[in-house]
Amino acid sequence: MKMLIVDDSRFTQLTTSKLLETYIEDLDIAFAKDGEEGFNKYKELKPDYVFVDLLMPNISGQELIRLIKDYDRNSKIFVISADVQKNVREEIESLGIIEFINKPFTGEKAKSVAELIRGDTHE
């Protein structure tokens, strides 16, 4: 299963990938440090799932989600962000993401994501 983690923090990229690998087997994880790189990697790799931070340089997470959805409306996106403003969250959810996850990403949250993915892949 291919995943793309888009976050400007290398620490967050590594933490997120380690937690996902704990609960999901056979992962091929790629990283992008901002929305621009994330969109290019999305087009190149066609990942099964994308994990997007909202607050990033160049192209924000919000704009990246719009770009990906315009490119591939069936894309499967999780948002992992510290930005929990109600209006931001509602707008992001209206774009058709799978789940909005508040930072920090923890083992418990990774387990929940793994269950959502397993449910999605067995339908």
List the atom of Ile97, the atom of Ile77, and the distance in Å for their closest heavy-atom pair.
CB-O, 3.4 Å

With sequence neighbours excluded, tell me which residues meet ring pair (Phe, Tyr, Trp, His ring centres under 6.0 Å) with Tyr23.
none

Can you tell which of Leu4, Val113, Leu20, Ile98 makes a side-chain contact (heavy atoms from CB on, under 4.5 Å) with Tyr49?
Ile98

For residues Leu54 and Phe100, determine if any side-chain heavy atom of one lies less than 4.5 Å from a side-chain heavy atom of the other.
yes

Any Ile59 side-chain heavy atom under 4.5 Å of Leu67 side chain:
yes

Please round to the nearest 0.5 Å and tell me the distance separating atom CZ of Arg118 and atom CD1 of Ile24.
6.5 Å

Could you report the tightest heavy-atom contact between Val52 and Val50, atom names first, then the distance?
CG2-CG1, 3.5 Å

Over all heavy atoms of both residues, which pair between Gly38 and Val6 is shortest? Give the atoms and the distance, please.
CA-CG2, 4.0 Å

Which distance, rounded to the nearest 0.5 Å, do you find between the CD1 of Ile29 and the CD1 of Ile5?
4.5 Å

Does a sphere of radius 6.0 Å around NZ in Lys41 hold more than 12 heavy atoms from other residues, nucleotides or ligands, not counting ones at 6.0 Å or beyond?
yes

Any chain of hydrophobic side-chain contacts (each under 4.5 Å) joining Val88 to Ile68?
yes

Before giving the answer on side-chain contact (heavy atoms from CB on, under 4.5 Å), spell out for Lys109 and Asn102 the whole-Å C-alpha distance, their side-chain angles and the decisive distance to 0.1 Å.
CA-CA 9 Å; Lys109 292 173 185 176; Asn102 295 337; 4.2 Å; yes

From CA spacing to verdict: side-chain contact (heavy atoms from CB on, under 4.5 Å), Thr15, Lys18
CA-CA 5 Å; Thr15 304; Lys18 290 281 181 246; 6.0 Å; no

Any salt bridge (charged side-chain N to carboxylate O under 4.0 Å, His left out) involving residues 90-100? Give me the pairs, sequence neighbours left out, ordered by first then second residue.
Arg66-Glu91, Lys86-Glu90, Arg89-Glu93

Can you name the nearest heavy-atom pair linking Gln13 to Asp7, along with the distance?
NE2-O, 2.8 Å

Closest non-hydrogen atom pair, Leu95 against Lys69
O-CE, 3.5 Å

Working note: Asp72 + Lys46, criterion salt bridge (Lys or Arg N to Asp or Glu O under 4.0 Å); need CA distance, chi angles, decisive distance, verdict.
CA-CA 9 Å; Asp72 175 8; Lys46 298 179 180 42; over 6 Å; no

How would you list all residue pairs meeting ring pair (Phe, Tyr, Trp, His ring centres under 6.0 Å) that involve residues 51-71, not counting sequence neighbours?
Phe39-Tyr71, Phe51-Phe78

Excluding sequence neighbours, so at least two apart, what forms side-chain contact (heavy atoms from CB on, under 4.5 Å) with Arg73?
none

If you count the non-hydrogen atoms of other residues, nucleotides and ligands that lie under 6.0 Å from NZ in Lys43, is the total more than 12?
yes

Sequence-distant partners of Tyr42, ring pair (Phe, Tyr, Trp, His ring centres under 6.0 Å), two or more places apart:
none

Determine yes or no for a side-chain-to-main-chain donor-acceptor pair under 3.5 angstrom, with Lys2 supplying the side chain and Ala30 the backbone.
no

Would you say the side chain of Ile117 lies within less than 4.5 Å of the side chain of Met3, judging by non-hydrogen atoms?
yes

Applied to residues 23-34, the salt bridge (charged side-chain N to carboxylate O under 4.0 Å, His left out) test, sequence neighbours excluded, yields Lys33-Glu37

